[in-house]
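Please read the structure below before turning to the comments.
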Amino acid sequence: MNITNSVKYIGVNDHQVDLFEGQYVVENGMAYNSYLILDEKVAVTDTVDGNFLAQWFENLEHALEGRSPDYLIVHHMEPDHSAGIAAFAKKYPQAQIVASAKAFVMMKNFFGDDFADRRLVVGEGDTLSLGAHTLTFVTAPMVHWPEVVLSYEQSEKLLFSADAFGKFGALDVEEDWACEARRYYIGIVGKYGAQVQALLKKAAGLDIAKILPLHGPILEENLSYYIGLYDTWSSYRPEDEGVLIAYTSVYGNTKKAALMLAEMLKEAGCPKVAVADLARDDMAEAVEDAFRYSKLVLATTTYNGDVFPFMRTFIDHLTERNYQKRTVAFIENGSWAPVATKVMKGMLEKSKELTYAESTVKILSAVSEENISELKALANELVS
Ligand code: FEO
């Protein structure tokens, strides 16, 4: 696939992956993107996941049309992109490896070799001329590992963006970009909002025609839409006015309250209401929705003097990703000594700029008439 006359796509689609990065369900698979720049010098950018190296080498050989690579540019060392470095180095002994100093340390750890005799260490603002094409390197630490560099190709205004602007999903499946890009971003990069903000500031100084990420489609139209979403996500601002109700339920009583509240919110005119059963629904989707919407209701039972385990996991996912700038409400259930609200509030105490709803709902086993009044009050408060 030609991206421009000189840049070709040589990545692969993965429909075998069970859990991406060991935890994310990817119903539509995953793409590991890799690109080839053909100029006076020939540069390959990144490799792919270790299960797909044979296919990647086949794509590379086909795209090379008999030429041989001069450079392998390594933007990111996570194995979904770096697994082929040692095999590449062996197959093309004349090629130099181009990466950040930190990336070479990681290569030593992954492959037992830091390619000391054939490496080119690059940092912020360094350039690499390939002929008509010149790459300028932009450091992007913690987007999503510390060694990451992006590169900008000036003549065709291409940004090789590493994990930034990536998404779940293979490229041979049509799907909405934002939904799976948001779940990818919040899950994988969400903790590093400050670093993404720093990167966006650097990118604002570049005239970009196409973004070439390591996952997901190449972005080439309406770039301000994608960059705007990244700005929203990385600054932890809610993307949409709405409420996520995240619940766990042992015997269905807490679930009943959660679903009643969802209906009440819709009747009260709440623009968007999402509901997640944390024991059964995709955890990453629930985490994504918590960051997407402006308000969050946590509904759970007291369990072993704590909260139900899936709720603890969920809140941990939020706090480790710097959950902030939202309104949070609680529904607790406890048959003899309810402490769930206290525990949940305690888990969130270090989160910044949270507003707690004044209305609270305390269920003592089953939803009572009084609870229904409390739920109505909470719904009205959340839409006011
Ligand atoms: Fe796609 Fe951080 O690796």
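Please read all numbers here as calculations on a predicted model, not as lab measurements. Throughout, residue positions are numbered sequentially from 1 according to the sequence presented. Counting convention: from 1, in listed order, for ligands and their atoms alike. Excluded from the calculations below are hydrogen atoms, water molecules and symmetry mates; all remaining heavy atoms, backbone and side chain alike, are included.
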Exercise. Does a sphere of radius 6.0 Å around CG in N2 hold more than 12 heavy atoms from other residues, nucleotides or ligands, not counting ones at 6.0 Å or beyond?
Worked result: yes
Exercise. So with a 6.0 Å cut-off around OH of Y152, is the heavy-atom count from everything else above 12?
Worked result: yes
Exercise. Mind checking whether V44 and S34 have side chains closer than 4.5 Å, heavy atoms only?
Worked result: yes
For this session: Only counting residues at least two apart or in another chain, list the ones meeting side chain to side chain contact (heavy atoms under 4.5 Å, CB included) with A284.
Result: Y24, R183, D282
Seminar exercise, completed: Atoms of type N, O or S from the protein that sit nearer than 2.8 Å to atom 1 (Fe) of ligand 1 number exactly 4
Side-chain atoms of residues 100-110: list all donor-acceptor pairs with protein atoms under 3.5 Å, sequence neighbours left out, distances to 0.1 Å.
residue: S100; atom: OG; partner: A103; partner atom: N; Å: 3.2
residue: S100; atom: OG; partner: E147; partner atom: O; Å: 2.8

Problem set entry | salt bridge (charged side-chain N to carboxylate O under 4.0 Å, His left out) against D281, all qualifying residues, sequence neighbours excluded | none
